[in-house]
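See structure below.
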Amino acid sequence: MPPNQRNLFDAEPAPWEIDEAELRTVASVVLPTGPKGPFNYLVPESLADPAEPERFAEAGRRLRVPFGRGDREVTGYCVAVEMKRVDARRLKQISAVVDSRVLLSAAMLRLTQWMADYYLCPWGQVLEAVVPAGVRGMAGTREVKFLTPADGALEKFKTLKLRSPQQLKALETLLASDRPLTIPELAESADCSLAPIKGLIKHGLIETAVARVATGGGAEQKWQRETPLEFNPDQAAAFESIRTALDSGEAKGIVLHGVTGSGKTEVYLQAIEHVAKFRRQAIVLVPEISLTPQTVRRFRARFDRVAVLHSHLTDAERHQHWQSIARGEVEVIVGARSAVFAPTPHLGLIVIDEEHETTFKQDQAPRYHARDVAWQRAQAESIPLILGSATPSLEAWVRAQQGEFEKISLPKRVMNLPLPDVMTVDMRDPAQTRFGRGAITRPLHQAMVEALRGGGQVILLLNRRGFSTHIQCPACGFVLKCEYCDLALTYHRQHNTALCHYCDHEALPPRACPDCKSPAIRYGGVGTQKLEEEVKSRFPDFKCARMDVDTMRQRGSHDNVLSAFQRGEFQILLGTQMIAKGLDFPNVTLVGVINADTALHLPDFRAAERTFQLVAQVAGRTGRGKRGGRVLVQTLNPEHPAIMAAVRHDYPRFAEHELAVRRAAHYPPFTAMIRVVVRGPVEAVVRETAATLGGRLKAAIAAAGIPRMRVVGPGTAPIARLRGDFRFHLQLQGPDAAALRQAVRTAAEGFTPPEGVRWMADVDPWDMQ
DNA sequence: AGCACGCCGACT
DNA sequence: GTCGGCGTGCTC
């Protein structure tokens with residue numbers, strides 16, 4: 001019977017056929033793309049035998065299944081296998097089992113299901129994001145034939161009256177081997193060619209089995225061992241609380257609020273040592289930033305078996321690490337966001353360092369936040385979750401205040417070092433700025449002179465890369481924008497191009513205004529490249545290095561520059577926010593913030609929080625040695641509460657002020673939020689689609705009768721055009737997060753946007769642009 | 001998402 | 001009659 005006609009014969013079951021249902025083994029399969037499913041398939045006897053682990057259909061492995069009217073073979077994730085009463089004639093059968101072992105434990109399957117539900121994303125898409133591509137493709141492995149002698153091979157050799165001495169020698173060699181050999185291995189040790197081996201296989205005296213093996217192996221590097229450091233009383237108290245949580249066998253969120261330089265890492269390290277004693281594993285999430293080499297080094301120095309997962313790994317390396325973690329060979333996993341999915345067999349602790357960092361939120365679907373996924377996982381595995389930061393996210397802080405999480409403070413730096421003096425430089429004051437041209441004010445210049453003269457090092461932070469941040473015509477006001485985005489182009493002098501920092505589009509920098517033809521076009525705004533020139537001309541006797549995405553493209557370059565700075569090979573380090581994170585330089589006596597206001601006026605309710613974090617974090621980079629240190633913050637808003645609090649190292653005061661603002665404006669963390677973005681190439685169509693979607697959302701809210709829930713917008717997104725697409729956005733706000741998600745689901749049901757228009761929902765958005 | 005199905009008009 | 005245009009709806 002041709003498969004396409006099948007439905008003709010067994011369409012709807014007639015009433016008298018209804019008790020055709022029978023008890024069968026059924027697998028639920030979720031596909032990575034396409035319709036959501038899950039779809040049920042019959043498990044044939046041949047794939048239902050646990051004694052054959054190579055082809056056992058069970059939850060957590062991938063399966064090949066026939067799908068659609070054409071029965072094309074697709075790969076899907078098996079999420080459950082159960083005995084069910086089904087009408088077997090209406091189900092198709094699994095074709096094959098792809099994975100020879102489980103990729104996702106039952107707990108991880110539940111976690112991915114939670115993510116799909118919470119982040120409004122198909123389950124299959126979550127699964128594809130959780131299992132690395134290198135693991136799915138079994139990168140770095142290949143199929144190899146292994147040879148074992150058949151039962152009674154030697155007797156058979158005689159009864160078959162074979163007389164080849166080469167074959168006999170090969171067979172005897174194989175019999176003498178204590179493990180299965182590959183064909184080349186056997187040829188080598190029996191000192192024969194491939195022909196006699198093939199002959200033995202043909203006669204059935206040697207049996208072959210295929211297995212996947214790793215190709216090549218990474219060399220293990222030996223690391224200098226370090227012993228635990230002495231705790232100060234605050235650290236000891238913090239560790240005690242964490243140890244109690246670890247021993248309780250219960251889930252517990254712990255906000256470890258420790259000022260910069262208070263020794264949080266040492267607390268993590270000893271907590272993990274405690275976990276490792278019980279042969280459990282720990283996951284440590286760090287913001288990417290090439291995984292802050294100093295932190296990674298400390299973990300390597302304290303544990304024998306550390307897996308470091310970073311973005312520069314090849315697929316094969318990632319696969320090897322993943323397998324090694326799954327086998328329980330690893331004590332600690334240090335990695336960025338996605339390391340929260342590490343397949344640890346017996347997880348004991350999750351640590352999120354620099355918990356406030358935005359990199360923990362994924363900016364593509366599934367748009368998860370590693371902190372929230374980690375908390376979900378911690379609850380499922382009944383383990384503690386430590387959220388460490390000098391500037392905790394307000395989300396974490398509020399939960400600590402409400403008693404949902406425990407709060408632990410490390411209010412002092414180790415060895416009682418003082419926090420650095422922070423001063424603002426008011427850039428509105430002409431007396432301070434009228435000092436040549438450039439980005440460095442008189443007080444900052446003076447401070448640099450003093451610091452360098454005293455043999456100290458200087459860090460300068462400027463959160464804008466490139467040379468000039470905009471190209472503008474003073475005659476008509478025209479600003480050169482990207483052809484595809486609604487964004488000003490940045491001038492990069494090195495390659496003499498005008499570059500879009502969002503889509504990487506390059507344009508030729510104009511000599512005259514493209515609009516009014518005035519030749520007076522001006523390159524304005526200071527980026528890190530221009531700052532570097534300014535520093536070099538002001539301080540020609542000192543060496544200076546720049547660190548931003550443009551200079552850090554190569555693998556390892558980050559670590560190289562920082563190590564050189566630590567060795568004192570240059571005195572001035574300038575760069576974007578990547579220099580503000582987790583670094584420890586005892587000889588840095590001055591930190592200058594060129595412009596603290598860059599994040600302050602973003603159309604984003606988190607603008608103040610970001611500003612506070614940036615200033616407070618970079619300020620923490622100094623005063624870590626005997627010489628002490630100071631910080632100068634250049635700003636046009638010295639009286640802004642976020643900047644004032646950062647100057648005073650006063651996180652609680654900042655939090656109190658900012659939380660009052662958020663509460664009054666009904667913003668997170670006091671309300672849940674989902675942002676919906678609609679985009680497409682034709683502005684009018686996008687606008688109309690956004691309006692339709694807005695209407696559907698409002699209707700969904702009204703129909704469900706949800707109080708205090710509102711739809712803001714649609715309106716033009718702050719970045720109105722990106723990569724050629726016009727963008728409109730909406731925000732759903734309300735106290736009940738689940739109701740918000742349900743409203744989006746209801747609105748999406750049966751909604752198909754016009755050709756070319758796409759839309760997405762971002763749950764708990766971080767970026768509002 | 002992908003693909004077969006079916007109902008149209010233009011062609012051999 | 002037959003080919004193929006795309007609109008529609010289903011996929012265990």
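Within every chain, numbering begins at 1; the chains are lettered A, B, ... in the order of the sequence lines, protein sequences first and strands thereafter. Worth knowing before you read on, the calculation uses all heavy atoms, side chains too, and leaves out hydrogens, waters and symmetry mates.
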Legend entry - salt_bridge(A/D762, A/K361) N-O dist < 4.0 Å: yes
Legend entry - Geometric class of the A/F360/A/H369 ring pair [parallel <30°, tilted 30-60°, perpendicular >60°]: tilted
Legend entry - Separation of C/dC10 P from A/R90 CZ (nearest whole Å): 13 Å
Inset, instruction - Using side chain to side chain contact (heavy atoms under 4.5 Å, CB included) as the criterion, list what pairs up with A/H666, not counting sequence neighbours. - result: A/R710
Legend entry - Value in whole Å for how far the P atom of C/dC12 lies from CD1 of A/I94: 13 Å
Legend entry - Separation of atom CG in A/D71 from atom C1' in C/dC12, rounded to whole Å: 11 Å
Inset, instruction - Would you mind checking if A/D725 and A/R758 are paired as a salt bridge, meaning a charged N to carboxylate O distance below 4.0 Å? - result: no
Legend entry - Short N-O contact, A/R721 and A/E683, less than 4.0 angstrom: no
Legend entry - Protein-nucleotide distance (A/L31, atom CG; B/dA1, atom P), rounded to Å: 13 Å
Which atom pairs link the protein and nucleotides 7-9 of chain C when you take only N or O atoms and keep those under 3.5 Å?
| unit_1 | atom_1 | unit_2 | atom_2 | d |
| --- | --- | --- | --- | --- |
| C/dG9 | N2 | A/R69 | NH2 | 2.5 |

Inset, instruction - Please state how far atom CZ in A/R72 lies from atom P in B/dG2, giving the value in whole angstrom units. - result: 7 Å
Inset, instruction - Report the distance from atom CG of A/L63 to atom P of C/dC12, rounded to the nearest whole Å. - result: 14 Å
Legend entry - Separation of C/dC10 P from A/K36 NZ (nearest whole Å): 16 Å
Inset, instruction - Measure the distance from CG on A/N40 to C1' on C/dC12 and round it to the nearest whole Å. - result: 6 Å
Inset, instruction - Just call it for A/F67: base, sugar-phosphate, or nothing, with non-hydrogen atoms closer than 4.0 Å on any strand. - result: base
Inset, instruction - In plain terms, say whether A/R606 and A/E395 are close enough for a salt bridge, that is, a side-chain N and a carboxylate O under 4.0 Å apart. - result: yes
